[in-house]
Structure formats: structure tokens, C-alpha cells
**Q** 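Structure provided below as C-alpha cells; questions to follow.
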Amino acid sequence: MNYSANTNYNLTENSAPTPYTINAIKNAIDIMEEQCAYYNAQTSISIIQTDLGTALSNIDNLGYTATDKSELASIHTALETNTDNLYVYNHNAQRGYVEKDIEGNKIVVDGEEVAGKAVVYMEEYPAIMDKVTEISKQVTALVKDTEDRSWIKGDVDHNGRITVADYDAVRQMVLEIVDYSETDAKFYAADVNEDGFVNIGDVTQIGSKIMEDKDFVKKPAARATRAAGTAGVVDNGSLSMMAEGSGMEQTIRLAVDTRKAYVGGQFDIALPAGVRLMSVASSSHDALMNMVDGNARVLVCNIENTEIAAGQTFVELNVEVSSDYNGEDIEVVNAQFATNDGTVYRLAKASLPTPTGLTSLTTTEKVASKVYSAGGMLMNKIKKGLNIIVNSDGTTKKVVK
């Protein structure tokens with residue numbers, strides 16, 4: 001005979017125990033113990049499900065590399081399946097009959113699959129709670145991983161804040177001073193405008209956010225102008241170049257002619273033989289350079305995103321011209337300029353042809369100009385310290401490098 005745990009037994013201090021009442025009370029205690037165990041397991045499983053929801057929310061809403069996102073999502077799916085199997089097993093075991101085991105597999109008895117089997121819940125309870133503990137630890141680790149492996153757009157050093165250090169790090173990536181891969185988490189963080197490149201657009205966006213003291217949204221809205229700007233050269237403006245000076249050290253001034261409000265730019269200087277870029281300078285912006293694939297990459301920007309004045313010199317290139325120079329063009333290639341919102345525009349290639357460029361270095365001078373040290377030693381090029389240039393016409397010039 002089964003007894004309900006809700007059955008009332010009116011016992012007094014004078015009641016004499018009988019086998020009937022003792023068995024009834026014992027049965028009621030067993031039922032209550034089972035119910036408490038069942039609800040304890042269900043509550044624990046519910047907590048796991050809540051934590052899985054937190055992990056999934058992180059995966060959907062935080063920033064990750066494609067590889068990390070895929071891996072975390074796979075782990076979440078596996079743990080969610082295991083939790084669902086555990087939930088069903090706990091529920092069915094409490095009812096006394098299970099059709100699958102605790103892992104969600106078909107029941108096997110004596111090496112053969114069967115439709116199901118009868119079980120005693122309190123005998124299954126220890127295994128159920130062991131599984132709860134196992135999955136709970138795995139889910140807790142997953143939640144932590146979704147937080148630790150997430151990246152904020154612009155937070156290249158992964159310290160949870162967007163600072164000048166991130167701004168400088170992205171500038172070094174643009175100049176290719178530091179190595180990075182497109183699958184690297186730092187690349188994900190640096191590609192703020194999500195155009196698939198680390199370029200001047202990312203530099204300007206990070207600068208804007210630092211000055212505004214705001215975080216980036218997860219996915220900035222796509223901009224039609226960016227697609228036009230990166231797909232090919234359209235009417236995005238043009239660069240002009242003008243050379244000044246004479247002899248072996250000359251200055252090339254660059255200006256950008258556009259109606260767009262550019263705040264920074266990057267470009268590569270293709271230098272012919274006999275011409276070497278010594279330094280870059282700008283009166284309104286930071287100007288940096290680095291050699292990339294044989295060309296001099298120049299980056300012009302500042303953290304305030306000051307607008308570049310159209311038609312006016314925004315950067316000066318100081319070049320050294322040796323006797324090896326054969327009159328070939330100096331070209332600006334891969335020119336990309338960005339507006340304050342990080343939209344990147346490509347500009348047409350610009351060149352500095354000989355007729356309007358390095359005209360002061362005549363063929364005679366190229367052959368006859370000689371470089372001497374302060375001690376009178378003939379040198380093959382200008383070196384650090386005092387240099388004396390002797391031209392074919394007998395004139396001399398002192399150059400300190």
C-alpha cells in the first residue's frame with residue numbers, strides 16, 4: 001500500500017506505536033526525501049541553464065575573432081545538449097522509468113538496446129548530482145572564457161579600456177612596424193570600422209572615441225561610401241606634389257585637394273634609385289614612416305582628428321638625392337584618407353615628374369658631385385656628421401646629418 005506524504009497522522013503523547021504507523025511514517029519520510037532530492041537536482045539544473053543563457057548572450061553580443069566565436073559556440077552547443085539530456089533523465093528517473101541514459105544514449109542491457117528500464121530514483125540520484133557538478137564546472141568555465149576571450153573594438157592591448165596606448169598600437173600596425181595576422185585577436189580589435197584592413201580609418205575612429213571618451217558599439221553600421229571608396233578610385237580628391245630645394249637634400253611638399261573633410265591619411269612613397277626618404281614632418285599632424293615592401297609608408301594623423309586643410313601642404317618629405325639618381329618619377333601609391341567617422345577613401349596615384357620635381361640636380365651634377373667628410377675623405381654617400389658637397393662647378397655646400 002502506498003501512502004501520500006500529505007496524509008495526516010494524529011499522534012499524541014499517549015499514542016502507542018504500531019507497525020502500521022511506523023511503516024506509514026517511514027514511507028512518508030522516504031517520499032519527502034525523494035521529492036527534496038528531485039527538486040534539488042532540478043534547481044541545480046535550472047542554474048546551469050541560466051548560466052548557459054549568459055554564455056550564449058556573451059557569444060552573441062561581445063566581440064571575438066571568428067575562430068574564438070566558432071569554438072565558444074561549439075562548446076556551448078555541446079554543454080546545452082548535455083544539460084538537456086540530464087534534465088530529461090532526472091525527470092524520468094523520478095517517475096521510475098527511463099528511455100535513455102544520463103548521457104542521452106539508448107539504454108543497453110546485457111549488450112542489447114532496450115526500449116527503457118525501471119529505476120529507483122534515490123539510487124540514481126548520486127549519479128545525477130555527480131553529472132550536475134561536472135556540467136556546472138564546465139559551464140562556469142565557459143562563461144569565464146566568453147568574458148576573457150572577448151575583445152572591445154579599439155582595445156588592442158585588451159585591458160578593457162580604449163586609450164592612447166591602443167591608438168599608438170594601431171598606428172604601428174598600419175605602418176607594419178609590428179607583425180599581425182588577420183586571424184589574430186589584435187587584428188579584430190584594431191579593425192574598428194570592420195572593412196577587413198587595419199588602416200587610417202581605424203586610427204581616426206580610435207582617436208575620436210578617446211577624445212569623446214566613449215566605447216564602440218559591437219558592429220558599426222555599414223557605410224555605402226566606404227564600399228565606393230575601397231572598391232576603386234572615385235572622385236575622392238587628389239594629391240599634389242611639389243619639390244623645393246637644390247643639391248643633394250630636397251623637400252617634397254604634399255597637399256590634398258578635396259571637398260571631403262579628411263582628418264588623416266596613409267600612403268606609400270615609391271622612390272626611384274638614388275633617392276632616399278630621410279624624414280617626414282607635418283606642422284598640423286603627427287607624421288610617421290616605415291619601410292614596407294621597398295616603399296616608404298607614411299602615416300599622417302593626430303588623436304584630435306584635426307581636419308587637413310584642402311590645397312595646403314600637410315606633410316613634407318625630406319629626401320636625399322645621390323649621384324645614382326636617374327631622373328625617374330617619385331610616386332605616391334596606395335593613398336588612403338579618412339574622415340572623422342573612420343570612413344576610408346582611396347585617392348588616385350600621384351607622381352612627381354622630373355620637369356616639375358628634382359630639376360636642380362642636373363645630369364652633370366649627378367656625375368660630378370662628390371661627398372667628403374670633414375677630414376677630406378671621399379665618401380660614396382652622405383653620412384652622419386658633417387659632410388662637404390663639392391659640385392662640378394666648384395661650389396661647395398656643408399651638410400650636417
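Each residue takes its place number in the sequence, starting with 1.
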**Q** Is any side-chain heavy atom of Ile330 closer than 4.5 Å to a side-chain heavy atom of Leu271?
**A**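 Yes; the side chains approach each other to less than 4.5 Å.
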**Q** In the structure I gave you, are the side-chain heavy atoms of Asn305 and Met211 within less than 4.5 Å of one another anywhere?
**A**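 With C-beta onward as the side chain, the pair stays apart.
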**Q** Would a distance-only check, ignoring hydrogens and angles, find a side-chain to backbone donor-acceptor pair under 3.5 Å from Asn295 to Asp268?
**A**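 Here the side-chain-to-backbone pair does not exist.
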**Q** Testing the 3.5 Å rule here: is there a donor-acceptor pair between the side chains of Ser279 and Asn318?
**A**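 Their side chains do contain a donor-acceptor pair, which is all the 3.5 Å distance test asks for.
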**Q** Would Tyr121 and Asn90 satisfy side-chain hydrogen bond (donor to acceptor under 3.5 Å, both in side chains), going step by step from the backbone distance to the final call?
**A** CA-CA 8 Å; Tyr121 183 75; Asn90 184 61; 2.5 Å; yes
**Q** Show the nearest heavy-atom pair for residues Ile128 and Ala41, with the distance to one decimal.
**A**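 In terms of heavy atoms, the two residues are closest at CG2-CB, 4.1 Å.
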**Q** More than 12 heavy atoms of other residues, nucleotides or ligands under 6.0 Å from CG of Asp293: yes or no?
**A**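 Counting neighbours around CG of Asp293, 12 or fewer heavy atoms of other residues, nucleotides or ligands fall under 6.0 Å, so no.
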**Q** Start with the C-alpha gap between Leu62 and Thr146, add the side-chain angles, then the distance that decides, and say whether side-chain contact (heavy atoms from CB on, under 4.5 Å) holds.
**A** CA-CA 8 Å; Leu62 299 182; Thr146 61; 5.5 Å; no
**Q** Between the main-chain N or O of Val156 and the side-chain N or O of Asp166, is there a donor-acceptor pair closer than 3.5 Å?
**A**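 Here the side-chain-to-backbone pair exists.
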**Q** Does the side chain of Thr83 reach to within under 4.5 Å of the side chain of Gln49, using non-hydrogen atoms?
**A**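 In contact.
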**Q** Between Asp202 and Val192 (side chain of the first, backbone of the second, donor and acceptor by atom type, cut-off under 3.5 Å), is there such a pair?
**A**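 Between the backbone of Val192 and the side chain of Asp202 there is a qualifying donor-acceptor contact (under 3.5 Å).
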**Q** Please evaluate residues Ile162 and Ile210 with respect to the criterion side-chain contact (heavy atoms from CB on, under 4.5 Å), reporting the C-alpha separation (whole Å), side-chain torsions for both, the decisive distance (0.1 Å), and the verdict.
**A** CA-CA 7 Å; Ile162 301 170; Ile210 291 173; 3.9 Å; yes
**Q** Please work out which of the three classes, parallel, tilted or perpendicular, describes the rings of Phe267 and Phe337, given edges at 30° and 60°.
**A**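 Rings of Phe337 and Phe267: parallel, as their planes differ by under 30°.
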**Q** The test is side-chain contact (heavy atoms from CB on, under 4.5 Å); show your working for Ile200 and Cys301 and say whether it passes.
**A** CA-CA 8 Å; Ile200 184 61; Cys301 58; 4.0 Å; yes
**Q** Hey, is OH on Tyr97 packed in by over 12 heavy atoms from elsewhere, all under 6.0 Å?
**A**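 Atom OH in Tyr97 is crowded, with more than 12 foreign heavy atoms closer than 6.0 Å.
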**Q** Quick check with a 6.0 Å cut-off and a 45 degree axis cone: is Lys260 positioned over the face of Tyr345's six-membered ring?
**A**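 Cation-pi check for Lys260 and Tyr345: passes.
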**Q** Determine whether a donor-acceptor pair (N or O, by modelled atom type, separation under 3.5 Å) exists between the side chain of Asp101 and the backbone of Asn105.
**A**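 Yes, the answer is positive, given that a donor and an acceptor are paired below the 3.5 Å cut-off.
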**Q** For Phe197 versus Asp191, what's the shortest heavy-atom pair and its separation?
**A**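 Minimum heavy-atom separation between Phe197 and Asp191: O-OD1, 2.9 Å.
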**Q** Tell me whether Lys153 forms a cation-pi arrangement with Tyr188, defined as NZ or CZ under 6.0 Å from the six-membered ring centre and within 45 degrees of its axis.
**A**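 Yes.
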**Q** Dump the intermediate steps for side-chain contact (heavy atoms from CB on, under 4.5 Å) on Leu288 and Val174, then the final yes or no.
**A** CA-CA 10 Å; Leu288 306 94; Val174 172; over 6 Å; no
**Q** Testing the basics here: between Ile308 and Gly264, what is the closest heavy-atom pair and its distance to 0.1 Å?
**A**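 Closest approach of Ile308 to Gly264, heavy atoms only: CD1-N, 3.9 Å.
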**Q** Please confirm whether the backbone N or O of Arg346 pairs with a side-chain atom of Asn236, one donor and one acceptor, at under 3.5 Å?
**A**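 Side chain of Asn236 to backbone of Arg346: a pair is present.
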**Q** Got a second to check how far Glu176's CD is from Leu299's CG, nearest 0.5 Å?
**A**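 Going from the CD atom of Glu176 to the CG atom of Leu299 covers 12.0 Å.
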**Q** Would you say the side-chain atoms of Asp155 pair up with the backbone N or O of Gly160, donor to acceptor, closer than 3.5 Å?
**A**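 Checking the backbone N and O of Gly160 against the side chain of Asp155, a donor-acceptor pair under 3.5 Å is found.
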**Q** Could you tell me which non-hydrogen atom of Val315 sits nearest to which non-hydrogen atom of Ala287, and how far apart they are?
**A**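 That closest heavy-atom pairing would be CG2-CB, 4.3 Å.
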**Q** Would you give the length of the straight line joining atom OG of Ser74 to atom CD1 of Ile59, rounded to the nearest 0.5 angstrom?
**A**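 Ser74 atom OG to Ile59 atom CD1 measures 9.0 Å (nearest 0.5 Å).
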**Q** For residues Ala255 and Gln312, report the shortest heavy-atom separation together with the two atoms involved.
**A**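 The pair with the smallest heavy-atom distance is CB-O, 3.3 Å.
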**Q** Please report the closest heavy-atom contact between Asn193 and Gly342, naming both atoms and the distance.
**A**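 Heavy atoms of Asn193 and Gly342 come nearest at ND2-O, 3.1 Å.
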**Q** Pick from Gln94, Glu103, Glu124: which one makes a side chain to side chain donor-acceptor pair (under 3.5 Å) with Tyr89?
**A**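 The side chain to side chain donor-acceptor pair (under 3.5 Å) with Tyr89 is passed solely by Glu124 among Gln94, Glu103, Glu124.
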**Q** I'd like to check Leu317 versus Val280 (side-chain heavy atoms, cut-off strictly below 4.5 Å). Are they in contact?
**A**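 Result yes, sub-4.5 Å side-chain heavy-atom pair found.
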**Q** Nearest 0.5 Å please: distance from the OG1 atom of Thr204 over to the NZ atom of Lys209.
**A**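 With rounding to 0.5 Å, OG1 (Thr204) is 11.0 Å from NZ (Lys209).
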**Q** How about Val298 and Leu277: do any of their side-chain heavy atoms sit closer than 4.5 Å?
**A**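 Answer yes - side chains close enough.
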**Q** Would you indicate whether Phe187, at its atom CZ, is surrounded by more than 12 heavy atoms from other residues, nucleotides or ligands within a distance under 6.0 Å?
**A**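 Atom CZ in Phe187 is crowded, with more than 12 foreign heavy atoms closer than 6.0 Å.
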**Q** Heavy atoms, side chains only, cut-off 4.5 Å: are Val114 and Val108 in contact?
**A**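 The answer is no; the side chains never approach within 4.5 Å.
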**Q** Is there a donor-acceptor contact under 3.5 Å from the side chain of His158 to the main chain of Trp151?
**A**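 A pair under 3.5 Å: no.
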**Q** Is there a donor-acceptor contact under 3.5 Å from the side chain of Lys117 to the main chain of Val98?
**A**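 No, the answer is negative, given that no donor and acceptor are paired below the 3.5 Å cut-off.
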**Q** Can a donor-acceptor pair be found, under 3.5 Å and without considering hydrogens, that links the side chain of Asp68 to the backbone of Ser150?
**A**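 Checking the backbone N and O of Ser150 against the side chain of Asp68, no donor-acceptor pair under 3.5 Å is found.
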**Q** Please check this pair: side chain of Ser282 against backbone of Phe314, looking for a donor-acceptor N/O pair closer than 3.5 Å.
**A**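 Checking the backbone N and O of Phe314 against the side chain of Ser282, a donor-acceptor pair under 3.5 Å is found.
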**Q** Looking at CG of Asp60 and CG of Leu72, how far apart are the two atoms once the value is rounded to the nearest 0.5 Å?
**A**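 Here the interatomic distance stands at 11.5 Å.
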**Q** Does any part of the side chain of Val332, heavy atoms only, come nearer than 4.5 Å to the side chain of Met241, both counted from C-beta?
**A**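 Yes, their side chains come closer than 4.5 Å.
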**Q** Without hydrogens or angle criteria, can the side chains of Tyr64 and Glu71 be said to hold a donor-acceptor pair below 3.5 Å?
**A**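 Distance-only check fails for Tyr64 and Glu71.
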**Q** State plainly whether the residues Lys131 and Glu134 are in salt-bridge range, i.e. N to O under 4.0 Å.
**A**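 Looking at Lys131 and Glu134, the cut-off is met.
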**Q** Do Glu99 and Ile107 have side chains that approach each other closer than 4.5 Å (heavy atoms only, starting at C-beta)?
**A**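 They are not in side-chain contact.
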